Amino acid sequence: MNAPVELVQFKLNGVDVEALPGETLIEVADRLGVSIPRLCYKPGMRADGNCRSCMVEIEGERVLAPSCCRQPAPGMKVTTDSPRALHSQRMIVELLASDMPERVYKPGDELALWKEKLGVGKPRFPRREQPAADLSHPAMAVNLDACIQCTRCVRACREVQVNDVIGYAYRASHSSIVFDLHDPMGESTCVACGECVQACPTGALAPARDAYLVPIDDEVKSVCPYCGVGCQITYHVKDNAIVRVEGRAGPANHERLCVKGRFGFDYVAHPHRLTKPLIRREGVAKSAGFTMDPADPLSVFREATWEEAMTLAAGSLAAIRDTRGAKALAGFGSAKGSNEEAYLFQKLVRTGFGSNNVDHCTRLCHASSVAALLEGIGSGAVSNPVMDVLKADVVLLIGANPIVNHPVAATWLKNAVKNGTKLILADPRRSELARHAAHYLQFKPATDVALLNAMMHTIVEEGLVAESFVQSRTSGFEEVKRNVAAFSPEAMAPVCGIPAQTIRTVARLFATAKGAMILWGMGVSQHVHGTDNARCLIALAMLTGQIGRPGTGLHPLRGQNNVQGASDAGLIPMVFPDYQRVDDAAAHGRFEALWGKTLDPEPGLTVVEIMNAVHAGEIRGMYVMGENPALSDPDVNHARAALAELDMLVVQDIFLTETAYLADVVLPASAFPEKTGTFTNTDRTVQLGREALTPPGEARKDLDIIIDMGRRLGLPWTYTHPRDVFAEMRLAMPSIAGITWERLEREGAVTDPCEHEGDPGEPVVFTDRFPTASGRAKLVPAIPIPAAEQPDHEYPFVLITGRQLEHWHTGSMTRRTQVLDAIEPGPVGLFHPDDLAQIGAAPGGAVTVESRRGKVTLLARADAGTPRGTLFIPFCYYEAAANKLTNPALDPFGKIPEFKFCAVRLTAGGEVPAEFGYQEVAQAT
């Protein structure tokens, strides 16, 4: 039993009150509704006590005390509004106000608020000379003439986000907030998370272009549309446009945001938005070798009415179904859409098309992880939330760069390290997190299994196995034990490039930790041995009993904002919603009864298999919603050629993407802020995104388009609101049966599984059994296998692809955002400086990269964290599409392509476009 909480009894303004253990005076006052001025204090940050505006009087003490730093003691008598306390509070506020400029940067700022509340008039003191504005950064303005040196920005940067850019320099009247070595903000190492802006009480740090000065019509609570962390946000809206975004106190972010979440919102108003349905002009042929101008869709398409476009789209798809058979059709749904859209899209394919040929970008992200998790523990879900790293003694982060891909999640990792957690970082590319790691393992690309088997060899050999856990909760231990016997650290060191003693040290550290957690990314999953990689991670956790408790567990970091929810909702070819196999007779029967239709009992084709089936003449029609396979698939020339071969391609999107350019019918859809729906983040937390804007022109909400398409395909659908679809999902998915729409509207977020109404949800799962037939985890041995394509004399370098901090996925949204495009405007590749010197190229110069499938030219960026013989290219740049190079070889279990390894050659020089991106085109129009 937990010991009873001992409350501290004291008097506050003459009233008997109680304080919780660890509470400060200001926290007690806030809880009880007692007003105390504050400027440097902000809930959630470490109290600093430097502004002295929160001073209170304590009976018997000679001096006043800062209430933000002082905790009550039994019998203490505290007065917040005594003449002495009020005089001090007013004097501090007046002194600070005396240095404020006449210009207001943030109407109603906190200093002005307390000045008014305390009745402070025009300051009596002269204004000191103040610095000029720093407007060097595209996202933020630095107005230090309004700075009160409260150091909130310093703490936000160094202690919350742990980016270590902002500092406090010099002495006395020269003291100042600085960036790096007193550089202009735009030339500093700032990553533009904007935490300092949200923390600043006066507008000294503010969004660029005077966003604070725009009067707001509405504030809408929603969630971020980018990565899987699922940060909660508030849209500030004026005249159907988003003026600015701020972080909310959501369960995953606690007000924190990254550069995309805070500044990547104005794509919704870009001139390239599709506002009317489009039909391909007669005589305009489709081919893989196109050059696209998204500002000029009418050179390829003509505008149409919704009735004409939907009649052609649905009629053509139905004709293919009725003449060529159900399996001649396929659909790609979207991991950026809502749960309701994903559920209804897969239902449309299964009941309207008549097959299971439905997939989405999970196939390109964590399909191998899910395959291994379903095989090993009976569930593809994460076991613990990201924030459990704060409860872990050791964290193993492998094949992931959350600094770039999940920036807010990375802040929790950095906070954990500051609190004493030992971070083991394993990745071929050295990332920013390496400086926070207790051990950094820069292993050779594609040697994950060798490294992990060597760690497990050590654990078995040295008697570090959690025997009771293994015996009571797992099966297959003897097979794994026999397998790893051949993979000693000494044998694997030359294979993976990590010294044997280091492997043994980190294995002991992980195995002996009271709580150890494993997080991984697509550096693990996007290989032909991705499933084997994940099998090893599962076995490592099971051998050491590191699962089922806070601060332990397995967490594959989900990429897209709703890839978890879309997968849960059944947007996968081999499973119905909640991962119920389509070839399982019982599950098949349940869904036939629920949907009232005869269903295909055979698993459908995956993303890459669908493209191959098009080339084989087996698939003739496709419906693609919010996905861009013409830029995201491996070997995109092959994918584009397949899309061009289709008899009917219907694309539903907000921009004329590379995929939409190959369509026969384009349906203008809604952007994320233009619709309401639920989204499930990487922690399994179901959250409500709310409509903040009206779609432009004749664009429709995605759910309405899917419902219309379903009805035209003969489905008797009567849904009128996302809540109607969610109600049906609760019947289909036991994991969310206890979550009501009303609860989400009220609470904003509920973690699944939540099987009964009123259940709190389960942040930590697998506490006493696994959802397998036996209740045990299955350990599966793996042996190292090489990547499908090895470097050789002709193609001597290894290409790794991935995402970039400022741009998301294929860039269709972020590259149409002013701030993000200004920070990273054009295609770059990261090369080791010695490799650049070897080929005669210089940083900033052009380099041509060529594989057996294609070639691209981009600008070189020297990066010492990229190992010799490898290079990294973000795949968001259409001008230098990395996936023209990548290998479509598939993992045999997860059917995921090998994005993280292919052989290329480098040549200095090549033709790079004079201008990049979409902003220049937009300005021209």
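Note: hydrogens, waters and symmetry copies are ignored here, and every other heavy atom, side chains too, is used. None of these values were measured; they are calculated from a predicted model.
Under the ring pair (Phe, Tyr, Trp, His ring centres under 6.0 Å) criterion, Phe265 pairs with no residue at all, not counting sequence neighbours.
For the residue pair Lys675 and Ser670, the shortest heavy atom distance occurs at CD-OG, 3.4 Å. Listed here is the closest heavy atom pair of Ala822 and Pro138: CB-CB, 3.8 Å. Annotation for Leu317 and Leu329: closest pair O-CD1, 3.3 Å, computed over non-hydrogen atoms. Contact detail for Ser632 and Asn883: the closest heavy-atom pair is O-ND2, 3.2 Å. Among all heavy-atom pairs drawn from Glu674 and Ala669, the shortest one is OE1-O, 4.4 Å. Closest of all the heavy-atom pairs between Leu820 and Val259 is CD2-CG2, 3.5 Å.
Side chains of Asn561 and Lys336 form a contact here, defined as non-hydrogen atoms less than 4.5 Å apart. Looking at heavy atoms from C-beta onward, His721 lies out of side-chain contact with Phe726 at the 4.5 angstrom threshold. Using a 4.5 Å cut-off on side-chain heavy atoms (C-beta onward), Thr857 and Glu879 make no contact. Residues Pro225 and Lys260 are not in side-chain contact: their nearest non-hydrogen atoms beyond the backbone lie 4.5 Å or more apart. Looking at heavy atoms from C-beta onward, Ile610 lies in side-chain contact with Met622 at the 4.5 angstrom threshold. Contact check for Pro402 versus Pro407: no side-chain heavy atoms found under the 4.5 Å cut-off.
The neighbour count for Lys286 NZ, taken as heavy atoms of other residues, nucleotides or ligands under 6.0 Å away, is above 12.
A distance-only check finds a donor-acceptor pair linking the side chain of Arg853 to the backbone of Thr886 [under 3.5 Å]. Proximity of a side-chain donor or acceptor of Arg302 to a complementary backbone N or O of Arg281 within less than 3.5 Å is not detected.
Classification of Asp210 and Arg103 as a salt-bridged pair holds, one side-chain N sitting under 4.0 Å from a carboxylate O. A salt bridge does not link Glu745 to Lys221: none of the charged side-chain nitrogens sits closer than 4.0 Å to a carboxylate oxygen. The pair Glu824-Arg861 meets the salt-bridge criterion, with a side-chain N (NZ, NE, NH1 or NH2) lying under 4.0 Å from an Asp/Glu carboxylate O.
Here the two rings, on Tyr661 and Tyr878, have centers that are 6.0 Å apart or farther.
Counted by atom type alone, Asn253 and Gln232 present zero donor-acceptor pairs between their side chains at under 3.5 Å. With no hydrogens or angles considered, no side-chain donor-acceptor pair links Thr678 and Ser338 at under 3.5 Å. Side chain to side chain, Asn562 and Asn339 meet the donor-acceptor criterion of an N or O pair below 3.5 Å.
By the 30° and 60° cut-offs, the orientation of the rings of Phe672 relative to Phe679 is tilted. The aromatic rings of Tyr623 and Phe345 lie tilted to each other, with the angle between the two planes from 30° to 60°.
The structure places OG1 of Thr189 at 10.5 Å from CZ of Phe179, a figure rounded to the nearest 0.5 Å.
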